[in-house]
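Every chain is numbered from 1 and lettered A, B, ... according to where its sequence line falls, protein lines coming before strand lines. We use all heavy atoms of the structure for the numbers below, so side chains are in, but hydrogens, waters and symmetry mates are not.
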Amino acid sequence: MVELWDNYLWPLIWIVIKILVIVVPILLAVAYLTYAERKVIGAMHLRKGPNVVGPFGLLQPLADGAKLFLKETIIPSSANRAVFLVAPMLTFFLALVAWAVIPFGEGLVLADINVGLLYLFAISSLGVYGVLMAGWASNSKYAFLGALRSAAQMVSYEVSMGFVIISVLICVGSLNLTAVVEAQRDMWFVIPLLPMAVVFFISTLAETNRHPFDLPEAEAELVAGYNVEYSAMTFALFFLGEYANMILMCAMTTILFLGGWLPPLDIAPFNLIPGPVWFALKISALLFIFIWVRASFPRYRYDQLMRLGWKVFLPLSLAAVVIVSGVLVAFDMVPNAAAAG
Amino acid sequence: MIEALVFYMFAIVCVVSGVLVVTRRNPVHSVLFLILAFFNAGGLFVLAGAEFLAMLLVVVYVGAVAVLFMFVVMMLDVTVTELKQGFSNYLPIGLLVVAIFAGEILAASIAWQAAPEAAANLQAATPDPAEVHNTAALGALIYTKYAYLFQAAGLILLVAMIGAIVLTHRKRRDSKKQVIADQLARDAKEAVVLKKVETGRGI
């Protein structure tokens, strides 16, 4: 009995506790990201934003959550029931499962695996299935068109994202995310790789279907895109997944280019603040830019979106891979050259 | 012990979803089960210690190839009755093919022996997994010893891609393209004309 507890139950319970410690703050962050978005856009439009529920409207996200929870879930009669219900769950699940490899501070990571960068890339490339399944299972033309647009868009921008990740990877010499952050101790990668950082950030906008690339949800043409037929909790799961994905993509940008949990300068007032706080601050700054972009830019037309992805970003990021590796080899700065044999 | 349990989970889900790919009537469901099978095969790779291959399997097959599959299958308008037609006509020949393949696999697996000189023919020694990480080991092998073969594989894929484009591309004369350079070259002085219009006259 003791053996069973020590070998099976306790490790299982311990890992569940660790997962909860990561997931609960993320869900809270998602809830308050929606609040922040409404407040920031409100300020930019010279409106007040939510200000009725609770002080400064702080309880608004909870009220919205309760509303979605209590509403009736409607499944369209011609929908493909199983796929229709699995799609939002998949989206939500994928948005959370990627956090397993994100290092929040030195050693503060659930699974410090060797191929963390590839794992993140793999999980984010799966995100398209939730959208495709939702669009197909709804059996509605708006949902289907939205899903097709979204899938084409996500696949296109993943290519340039992959090449940007490769150029960072060449500078680090490891696929481990902790190693990626540690490699930026002297200089954040945003300085030597600034063009790549910009390409990556814009690609994350497209990858998360955010403005100005939110064509899958273009409300003027497609009602609401792939999630038209969803209501109540099934819709809420899409919504939560989408916002969790935004935070995840900002975390990824932070780790790749902004030095993760490292302080900007390794001197007294800065390095006294714990790493996770820096990490959260950097993510928040990027999220603010996400919202800022939404409030300022008009939507791209679909052919312009594809042109940007395939004819501008892809050649640019491919060239960057060649230039970065060329520079590193020419100046004999290739990291981990010995390990590669 | 936990590892064994996880192995059985991945293996069972993989095999069951593989069977479901073939037996499902709805082609979209088949593709979804195919994706599940890929994903679980990735899990098996991780358990075998080949995490780089596992991630590659998910990125390439699940993230790219299966998406295109899904695209095509969703667009198809296949009804179940249409698929059922001619089932009994094709049954004998299908069974014949299955029997031949099964026999060949059986014969090969019984009689198969590794050539004794095979180990000596390896171009590079297998590195010790404790010393070299499998990503680095794979990279060192592909880009040094097998660089030409690797390039040749890339060229073959390129030819296939160009072939597909050549076969399906048709030039449309009526489509309007945006020429970004032309747009950027425009000047406010040439594009906008200011006219003083007298009230009630029009231009």
Side-chain angles (χ1 to χ4, degrees), chain A residues 3-4 7-8 11-12 15 80 82-83 86-87 90 101 111 113-129 131-133 135-137 144 147-148 150-152 154-156 158-159 162 165 169 173-176 301 303-304 306-308 311-312 336-341, chain B residues 1-2 5 24 26-29 31-33 35-36 38-39 42 45-46 49-71 73-76 124-125 127 131-145 175-180 183:
Chain A
E3 198 190 345
L4 183 74
N7 289 346
Y8 292 99
L12 207 68
I15 197 105
N80 196 311
V83 181
V86 167
L90 187 75
V101 295
I113 60 175
N114 279 326
V115 288
L117 214 48
L118 268 181
Y119 172 85
L120 271 184
F121 190 58
I123 294 294
S124 71
S125 72
L126 291 183
V128 65
Y129 284 110
V131 174
L132 264 181
M133 283 161 77
W136 178 78
F144 192 55
L148 287 184
S150 174
M154 287 164 109
V155 171
S156 313
E158 231 153 56
V159 184
I165 289 177
L169 165 67
S174 168
L175 283 164
N176 183 302
R301 213 173 53 211
D303 60 314
Q304 292 171 329
M306 284 295 156
R307 180 184 165 273
L308 186 69
K311 290 189 175 173
V312 180
N336 277 353
Chain B
M1 248 324 262
I2 286 187
L5 286 178
R24 289 287 87 185
N26 192 327
V28 173
H29 290 180
V31 176
L32 288 174
F33 280 115
I35 291 159
L36 192 63
F38 280 150
F39 198 77
F45 270 129
V46 171
E51 61 257 35
F52 181 73
L53 282 182
M55 294 305 149
L56 225 56
L57 185 77
V58 175
V59 170
V60 175
Y61 282 91
V62 182
V65 174
V67 172
L68 295 181
F69 250 58
M70 192 97 154
F71 248 84
V73 168
M74 278 179 172
M75 301 287 207
L76 291 177
E131 278 175 28
V132 185
H133 180 240
N134 64 50
T135 315
L138 211 61
L141 216 57
I142 288 178
Y143 291 104
T144 55
K145 303 277 182 197
S175 75
K176 295 195 174 88
K177 265 194 206 131
Q178 185 179 19
V179 185
I180 302 282
Q183 286 188 345

The interface call for B:Leu68 against chain A, heavy-atom contacts under 4.5 Å, is neither
Taking atom CZ of B:Phe69 as the centre, report whether more than 12 heavy atoms of other residues, nucleotides or ligands fall under 6.0 Å from it.
no
Is a side-chain N or O of A:Tyr129 found less than 3.5 angstrom from the main chain of B:Leu32, in a donor-acceptor match?
no
Residue A:Leu132 versus chain B: region with a heavy atom under 4.5 Å:
both
Specify whether A:Trp136 and B:His29 have parallel, tilted or perpendicular ring planes, treating 30° as the upper limit for parallel and 60° as the lower limit for perpendicular.
perpendicular
Please flag which part of B:Ala66 lies under 4.5 Å from any non-hydrogen atom of chain A: side chain, backbone, both or neither.
both
When A:Ile113, A:Asn114, A:Leu117 are each screened for side-chain contact (heavy atoms from CB on, under 4.5 Å) with A:Leu175, the one that passes is A:Leu117
So which of A:Arg307, A:Met133, A:Glu158, A:Arg301 has the largest heavy-atom pair count under 4.5 angstrom toward chain B?
A:Arg307
Using a cut-off of under 4.5 Å for heavy-atom pairs, which of A:Leu148, A:Leu12, A:Val159 has the most such pairs with chain B?
A:Leu148
So, the part of B:Tyr143 with a heavy atom under 4.5 Å from chain A: the answer is neither
Tell me whether the count of non-hydrogen atoms from other residues, nucleotides or ligands lying under 6.0 Å of OH in B:Tyr61 goes above 12.
no
